[in-house]
Amino acid sequence: MADPKQEAIEVIHSWSAPRSLSTSLMYSFSQRDDIEVLDEPLYGTFLRVTGVERPYREDVLSKMECDGNKVVNNIIYGPGKNRYRYCKHIAKQRVPGLPNDLLQKGKHFILIQNPLNILSSFEKVVPPSFLELGLGDLVSIYSELCALGKPPPVIDAADLQQNPEDTLRDGKLVRNRSMVCGRHGGIKVCITQHILHPQESTLGYPFPFSFYDLLEQSLPFYNLLKCNVRQTSSLLRSPLPVPELPVPENAKLLAWVGDEIVPRESAKVSVFDSVVQGGDAVWEGLRIYNRKIFKLEEHLDRMFDSAKALAFINVPTRNEIKEAIFRTLNANGMFDNTHIRLTLTRGKKVTSGMSPAFNQYGCTLIVLPEWKPPVYDNESGIKLVTATTRRNSPNNLDSKIHHNNLLNNILAKVEGNNANADDAIMLDKDGYVSETNATNIFLVKKGRVLTPHADYCLPGITRATIMELVVKEKFELVERRISLSEFHAADEVWTTGTMGELSPVVKIDGRIIGDGKVGPVTRRLQNAYKKLTEESGVPIPTNPET
């Protein structure tokens, strides 16, 4: 029969690397009368198995139990008098051959510390190395616990230092305040007292740049674990809650950045990249229908034209860009109902500044795929308002360059959002309609289809496709200057764009368009466009290697 005392003990495991406030946290728990604390019970086993040299090694080996099986079964999970047992572990001390019960039983959490904050003080005890930092071991422990169906809370030492009680409560390590209040003022007092210890100081500035390579090696492991932190106390922490994604499936996707495919949270460019420094990039939107990319060649033509107009150099070839697109789609298994934001930046700079002469690394390619249905209500229609922000003139910045510096459009979109409209119409310098902040625009009057000249607007690829369909469907097509009042008085209005396809407009500036419903010409062209997307496009190879 099992010992009832042994069954009643709740074992709490703290897994950490050195200098992560683990000692301070252990002291705080030791204040409680009903908690037994074990300080690195696996240390002796670690010394015996690895043979590593440490101060007082022989003394430790003579006094500690060094048999890993006995440590786990008799000490960590052995009988005791207290209700709780708190075990402080250093991750690298989990050596091979320990019983599976070590992770399968008990309650576990992981305590991390940004290596940027600790490397400068590390060498006071041992020379810093990736192994000594322990972040690789912590990632392994986290992964194994997740595989066991026991994903452990991850706590950042910075959060623990700033707000220990809430951090432990958010991490579900304590159920109420009494669990963090001990004989000497509770965890907050204890953390404050021990944080100033040189052993666990987080004030490692200035950073010793002799450890720069080690920092680069270790930060990805720290960031991987930090993604699972429930609370963060970073200097510029957003007070906003984590938002819901429009399409939850996009929480886990793979994107191409530079020359590799990376997970969503790792899809980042350098702070020296031109797109960060000045919006200096070109882009295209692509849609995938039934394992084919619609109008891919036309979009690539426009991207190369835009890059040439902006004097980009060291641009990837058309085939290289295509292969990056195909590889990314295959990696995600995205072959339908997908939108790609394809971006080509001027690339990374050797130093911060405006001049393209600083761009000496070549362009940066980004392939961002998302599960994304059309972004507008194409069944019932959308509402537009007219923005006071005028569309850029070719005298200033030619809209035929499909560039990433979208502030002109964004300012109009802000006006649309403030008016609770789906988008905003933008006029040219003479007061004629140009386009919306995101799409081209058409109207129908007495059976004729009209659209503005592409003087101030982007001559969209969907726009050109719809113009071809208008002619094919035997409607009269007119391209000319169009005033705002003509749109107000139109029989039908729609917008066009890759992201939204063909979207009916039922109201502009409070005026009902036609009878306020989707018109017959609009429906006919929607059906023709849908058929075209089903029948044409560049097939996605299932194996880009071949």
Side-chain angles (χ1 to χ4, degrees), residues 12-29 37-47 49-50 52-55 60 86-96 98 102-103 108-146 151-161 164 167-168 171 173 191 194-195 197-205 207-208 211-229 232-233:
I12 302 171
H13 297 272
S14 161
W15 295 97
S16 66
R19 287 165 188 60
S20 53
L21 299 187
S22 57
T23 301
S24 302
L25 188 58
M26 178 189 68
Y27 285 151
S28 69
F29 275 95
V37 168
L38 300 181
D39 185 4
E40 299 184 29
L42 296 170
Y43 187 41
T45 307
F46 168 75
L47 292 178
V49 171
T50 64
V52 67
E53 289 297 329
R54 285 290 186 271
V60 171
Y86 183 92
C87 299
K88 170 199 163 188
H89 301 294
I90 300 299
K92 67 183 178 184
Q93 295 174 8
R94 190 181 68 106
V95 294
L98 294 174
L102 178 62
L103 293 186
H108 300 258
F109 73 95
I110 290 176
L111 185 60
I112 60 174
Q113 172 75 293
N114 191 330
L116 181 67
N117 296 332
I118 59 174
L119 276 171
S120 60
S121 65
F122 214 96
E123 63 181 344
K124 296 178 181 177
V125 179
V126 294
S129 66
F130 182 78
L131 178 64
E132 292 295 343
L133 283 174
L135 286 164
D137 295 306
L138 287 174
V139 170
S140 295
I141 292 169
Y142 180 85
S143 299
E144 289 183 41
L145 287 168
C146 288
V154 179
I155 292 175
D156 196 310
D159 299 328
L160 191 62
Q161 180 184 1
T167 298
L168 293 180
L173 295 180
I191 291 288
H194 290 277
I195 191 64
H197 249 241
Q199 282 285 91
E200 295 195 330
S201 172
T202 61
L203 302 177
Y205 298 100
F207 180 77
F211 300 147
Y212 189 84
D213 291 345
L214 179 57
L215 178 66
E216 284 196 314
Q217 295 167 17
S218 57
L219 267 178
F221 292 84
Y222 167 76
N223 289 329
L224 189 153
L225 291 167
K226 188 174 175 61
C227 288
N228 300 283
V229 172
T232 178
S233 61

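Keep in mind it's a predicted model, so treat the numbers as computed, not measured.
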Test side-chain contact (heavy atoms from CB on, under 4.5 Å) applied to I110 and I155, step by step: CA-CA 6 Å; I110 290 176; I155 292 175; over 6 Å; no
* Kindly indicate, with the supporting measurements, whether the criterion side-chain contact (heavy atoms from CB on, under 4.5 Å) is fulfilled by V52 and F46. => CA-CA 8 Å; V52 67; F46 168 75; 3.5 Å; yes
| After noting the C-alpha distance and the side-chain angles of S28 and L25, does the key distance pass the side-chain contact (heavy atoms from CB on, under 4.5 Å) rule? | CA-CA 5 Å; S28 69; L25 188 58; 3.7 Å; yes
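Residues passing the side chain to side chain contact (heavy atoms under 4.5 Å, CB included) test with F221, sequence neighbours excluded: F130, L135, V139. With sequence neighbours excluded, no residue forms a ring pair (Phe, Tyr, Trp, His ring centres under 6.0 Å) with Y142. By the side-chain hydrogen bond (donor to acceptor under 3.5 Å, both in side chains) test, E144 is found to be paired with R94, residues two or more places apart in sequence or in another chain being considered. In this structure N114 satisfies the side chain to side chain contact (heavy atoms under 4.5 Å, CB included) test together with L116, N117, L219, Y222, sequence neighbours excluded. Applying the side chain to side chain contact (heavy atoms under 4.5 Å, CB included) criterion to A91, with sequence neighbours excluded, gives D137, L138, I141. With sequence neighbours excluded, the residues forming a side chain to side chain contact (heavy atoms under 4.5 Å, CB included) with E216 are Y212, D213, listed by chain and number.
Looking only at side-chain heavy atoms (C-beta outward), L119 and L215 come within less than 4.5 Å of each other. Counting heavy atoms from C-beta on, the side chains of F109 and H13 never come closer than 4.5 Å. Residues L214 and P128 are in side-chain contact: their nearest non-hydrogen atoms beyond the backbone lie under 4.5 Å apart. Side chains of Q113 and R19 form no contact here, defined as non-hydrogen atoms less than 4.5 Å apart. Residues V95 and L42 have side chains not in contact (no heavy-atom distance under 4.5 Å, counting atoms from C-beta outward). By the 4.5 Å heavy-atom criterion applied to side chains, C87 and I12 are not counted as neighbours.
Taking the charged nitrogens against the carboxylate oxygens, R54 and E132 do have a contact shorter than 4.0 Å, which makes a salt bridge.
Distance CG/D39 to OH/Y27: 7.0 Å, rounded to 0.5 Å. The CD1 atom of I112 sits 8.5 Å away from the CG atom of D159 when rounded to the nearest 0.5 Å. One finds the NZ atom of K92 at 8.0 Å from the OH atom of Y43 (value rounded to the nearest 0.5 Å). Put simply, OG on S14 and NZ on K88 are 8.0 Å apart, with the number rounded to the nearest 0.5 Å. We find the NE2-CG distance between H89 and L38 to be 8.0 Å, quoted to the nearest 0.5 Å. Between the CG atom of D156 and the CD atom of Q161 there is a distance of 10.0 Å, given to the nearest 0.5 Å.
In this structure, the side chain of S20 does not engage the main chain of S16 through any donor-acceptor pair within 3.5 Å. With hydrogens and angles disregarded, a donor-acceptor distance shorter than 3.5 Å links the side chain of H108 to the backbone of L103. Proximity of a side-chain donor or acceptor of S140 to a complementary backbone N or O of G136 within less than 3.5 Å is detected.
Residue L21 comes nearest to A157 through the heavy atom pair CD1-O, 3.4 Å, listed as atom of the first residue, atom of the second, then distance. Closest approach of I118 and P18 over heavy atoms only: CD1-O, 3.9 Å.
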